[in-house]
Every structure is written in C-alpha cells, then in structure tokens.
Amino acid sequence: MSDAPAGAPVGGDRPPADGGDRAGLLADGGDRAGLLADGGDRAGLLADGGDRAGLLADGGDRAGLLAGRRVVVVGGASGIGLATVSAAAEAGAAVAVLDADAAGAARAAAQARAAGATACSRGVDVTVEEEVAGALDAVVAELGGVDAVLHVAGVMRGQGLDVRDVPVELWARVIAVNLTGPFLVAKHAARHLSARDGVLVLVGSKAGVQTGSGSVPYGASKGGLHGLALTLARQLGPQGIRVHALCPGDIDTPLMRRSLDEARANGTDGGRIAAVEAALGRPEDVASVLVLLASPVSAGLAGTVCTG
C-alpha cells in the first residue's frame with residue numbers, strides 16, 4: 001500500500017479523477033483484465049447494471065470465479081490478506097493461509113471453513129527459506145496442488161525518519177520482509193504452480209513505484225518488489241505462470257494505522273495525517289482485485305496493476 005502521509009503531499013499518489021485506472025483494470029496496456037479476451041464478455045462482466053463478477057465487495061456475487069482453484073494467501077491473518085482469504089473462499093477457492101501470526105492464520109482459515117470453503121493454515125516467517133519451502137510443500141500435500149499464490153505480507157516501518165537517522169538494522173529488517181520474503185515465496189511457489197494457468201501476485205505499493213515514500217526502507221523495498229515482479233513475469237510467463245505486481249494506495253489496515261502512529265511520533269504534521277486517515281481505502285476492495293487476478297478470467301492481463 002502507499003504511505004504518503006509521512007513523506008509526500010497528501011493525495012500525491014492517488015489516481016486522477018479523470019483517466020484513472022479504475023481499480024487497475026487498465027494497467028500497463030493490458031487488455032482490460034482479459035474481460036474481452038476471445039471476444040467474450042466473461043459472463044456479463046460488462047453488462048449494464050451487472051455486478052462485475054463480484055468486483056463490488058459489499059454483496060457482490062463472486063460465486064464461481066475461483067471454483068476449483070487452490071489459492072495461497074501469504075500474510076492472510078489481517079488487513080488486506082484477511083479480506084482476501086474471505087473473498088477467495090466466497091469465490092469458491094480452497095484457501096491456504098500463511099502468516100507469521102500462526103494463531104491469526106488459523107482463525108482466518110477457520111472463518112473460511114465456517115463459510116463453507118476448504119481451508120488450512122501454517123505459521124511461516126517469510127524471511128526463512130526453510131519455513132517458506134516447508135509451508136508451501138505442506139499446502140500442496142493438503143490441497144493437492146496450488147493454482148494461485150497471493151503474497152500480501154509486509155511491514156511498514158521508519159515513517160517520517162530522515163535518511164540520516166534510519167538505523168541499518170531497521171533498513172535490513174524491512175528489506176528482509178518486503179523484498180527477500182517475496183523472492184523466497186516466488187522461488188518456491190514457482191516449483192508448484194501450474195505451468196498452464198498458475199498465478200503469482202506480489203502486493204506492493206504505489207510508494208516506491210509511482211511516488212516517493214515517507215519511509216526510506218519501505219519505499220526502497222516496494223520499488224524492489226515491483227522490479228522483482230516484472231522480472232518474474234518475463235521469466236515465468238513463457239512457462240505458463242502469470243505474474244503481477246498489485247500496487248494499492250492508502251488502505252485502512254492495522255499496518256497502516258501503526259504506520260500513521262509512527263509518523264505522528266516522528267513529528268509528521270497532524271493535519272496531513274488526518275487528511276490521509278479520512279481518505280483511506282478499504283481492504284475489501286483490494287481483495288476483490290486479487291480475486292479477479294487469481295481467476296482465469298484475467299488470463300489476458302499482463303504487468304502491474306494499480307488500485308486507488
């Protein structure tokens with residue numbers, strides 16, 4: 001997600017009112033998320049008054065979008081990840097929840113099962129390769145395979161700190177979680193994803209891609225994640241694995257709330273923070289886009305996707 005409050009003008013990374021990318025469906029010259037691939041309208045996704053195949057988070061009918069798909073959500077215990085677990089289950093997927101918060105991952109999986117989905121969970125530190133490999137191996141054994149991996153895990157620290165004051169330990173931790181973690185997940189997910197319609201989505205941020213960040217290590221890590229996703233798309237695309245970076249704006253999550261508190265503590269103007277708080281987006285809206293990307297209806301989409 002973006003983190004404009006601590007280091008960039010409020011709203012500086014929001015899409016323009018005219019010509020915005022409308023939840024990223026027009027990203028990087030793609031074919032409009034594959035909605036018109038092969039000439040079809042994908043079950044009325046563009047029909048007048050239609051619900052856009054469940055892109056409306058409140059009451060939208062996602063049923064069947066992910067029927068038969070096995071989806072891994074990394075960082076699924078809270079925020080965007082938790083909303084994505086719920087949305088994927090609603091869309092018919094079998095869901096595996098991975099998170100450093102093992103208890104939170106278990107609760108998310110239990111909620112998915114209560115909604116009628118097949119779901120499992122594993123605790124995992126994404127910076128430890130053996131844990132990442134073992135968790136994905138276990139998920140494949142339990143679900144019988146993996147069709148999509150949605151990497152949402154991340155940390156946001158160092159808001160409002162001048163580069164002169166950033167401890168190298170803080171830098172290293174943020175880079176480890178936000179860049180090495182996605183690399184390790186991608187490395188081991190690629191061993192399992194279907195070579196016909198596998199999907200890997202790395203959730204980044206507009207910060208470090210479209211604008212600067214209020215946190216030096218965070219902005220650097222998300223810029224690096226974007227480059228990682230583009231490189232993986234070039235390498236894995238010809239093998240039948242579709243790769244995207246999804247770059248949200250400012251979203252109302254526990255991570256963002258903690259970041260705003262840190263920005264206050266580090267002296268960021270209160271009025272700027274209040275303005276950002278008033279404009280925060282919803283995790284459910286990002287989750288809807290992730291479900292769409294994990295679905296075969298997005299087979300024609302390529303590259304980076306940005307949301308408001």
Side-chain angles (χ1 to χ4, degrees), residues 1-10 12-13 74-81 98-105 123-132 135 151-187 202-231 245-277 280:
M1 64 192 67
S2 169
D3 61 344
V10 172
D13 65 351
V74 184
S78 66
I80 294 171
L98 306 185
D99 203 288
D101 177 4
V124 61
D125 181 343
V126 296
T127 70
V128 179
E129 183 166 13
E130 293 78 8
E131 291 192 23
V132 172
H151 187 281
V152 190
V155 295
M156 188 186 298
R157 297 178 185 169
Q159 281 286 358
L161 285 180
D162 186 278
V163 65
R164 300 170 185 84
D165 300 321
V166 176
V168 69
E169 296 82 7
L170 176 64
W171 167 274
R173 178 59 182 167
V174 174
I175 295 297
V177 175
N178 289 1
L179 187 53
T180 302
F183 158 69
L184 292 175
V185 168
K187 175 180 177 178
L202 305 181
V203 176
S205 172
K206 290 181 179 178
V209 177
Q210 293 186 351
T211 184
S213 172
S215 163
V216 173
Y218 183 81
S221 70
K222 292 304 183 177
L225 180 145
H226 183 241
L228 173 64
L230 293 175
T231 302
L246 176 62
C247 298
D250 300 323
I251 306 298
D252 192 359
T253 66
L255 184 74
M256 174 59 79
R257 291 293 178 175
R258 289 193 296 270
S259 179
L260 292 173
D261 288 342
E262 183 182 24
R264 287 189 187 92
N266 287 331
T268 300
D269 177 72
R272 175 179 292 178
I273 294 173
V276 172
E277 286 178 320
L280 290 175

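- Applying the salt bridge (Lys or Arg N to Asp or Glu O under 4.0 Å) test to pairs two or more places apart or on separate chains, those with a residue in residues 175-187 are Glu129-Lys187.
- Distance check, rounded to the nearest 0.5 Å: NZ of Lys222 to CG of Leu228 gives 11.0 Å.
- When all heavy atoms are compared, the tightest approach of Gly154 to Asn178 is CA-OD1, 3.2 Å.
- The nearest pair of heavy atoms linking Ala207 to Ser205 is N-OG, 2.9 Å.
- Under the rule for a side chain to side chain donor-acceptor pair (under 3.5 Å), Asp101 has no partner lying at least two apart in sequence or in another chain.
- Partners of Val209 according to the side chain to side chain contact (heavy atoms under 4.5 Å, CB included) rule, which considers only residues two or more places apart in sequence or in another chain, are His226, Cys247.
- Minimum heavy-atom separation, Leu170 to Gly158: CD2-CA, 3.7 Å.
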**Message:** Could you walk me through whether Val174 and Val155 satisfy the side-chain contact (heavy atoms from CB on, under 4.5 Å) test, starting with their C-alpha distance in whole Å, then the side-chain angles of each, then the deciding distance to 0.1 Å, before giving a yes or no?
**Reply:** CA-CA 6 Å; Val174 174; Val155 295; 4.2 Å; yes
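- For Ser221 (side chain) and Leu179 (main-chain N/O), no donor-acceptor pair under 3.5 Å exists by modelled atom type.
- Of all the heavy atoms in Ala176 and Thr127, the pair that sits closest is O-CG2, 3.5 Å.
- Note that the CG atom of Leu225 and the CG atom of Leu230 stand 9.5 Å from one another [nearest 0.5 Å].
- For the atom pair Leu202 CG and His151 NE2, the distance stands at 7.0 Å (nearest 0.5 Å).
- Asp99 places a side-chain N or O within 3.5 Å of a backbone atom of Gly76 that can act as its donor or acceptor partner.
- The two residues Leu161 and Val216 come nearest to each other via the heavy atoms O-CG2, 4.4 Å.
- For residues 165-175, the set of pairs meeting the side-chain hydrogen bond (donor to acceptor under 3.5 Å, both in side chains) definition, not counting sequence neighbours, is empty.
- Under the rule for a side chain to side chain donor-acceptor pair (under 3.5 Å), Ser78 has no partner lying at least two apart in sequence or in another chain.
- A 4.5 Å side-chain heavy-atom check between Val185 and Val132 finds at least one atom pair inside the cut-off.
- When all heavy atoms of Ala77 and Ala105 are compared, the pair lying nearest together is CB-N, 3.7 Å.
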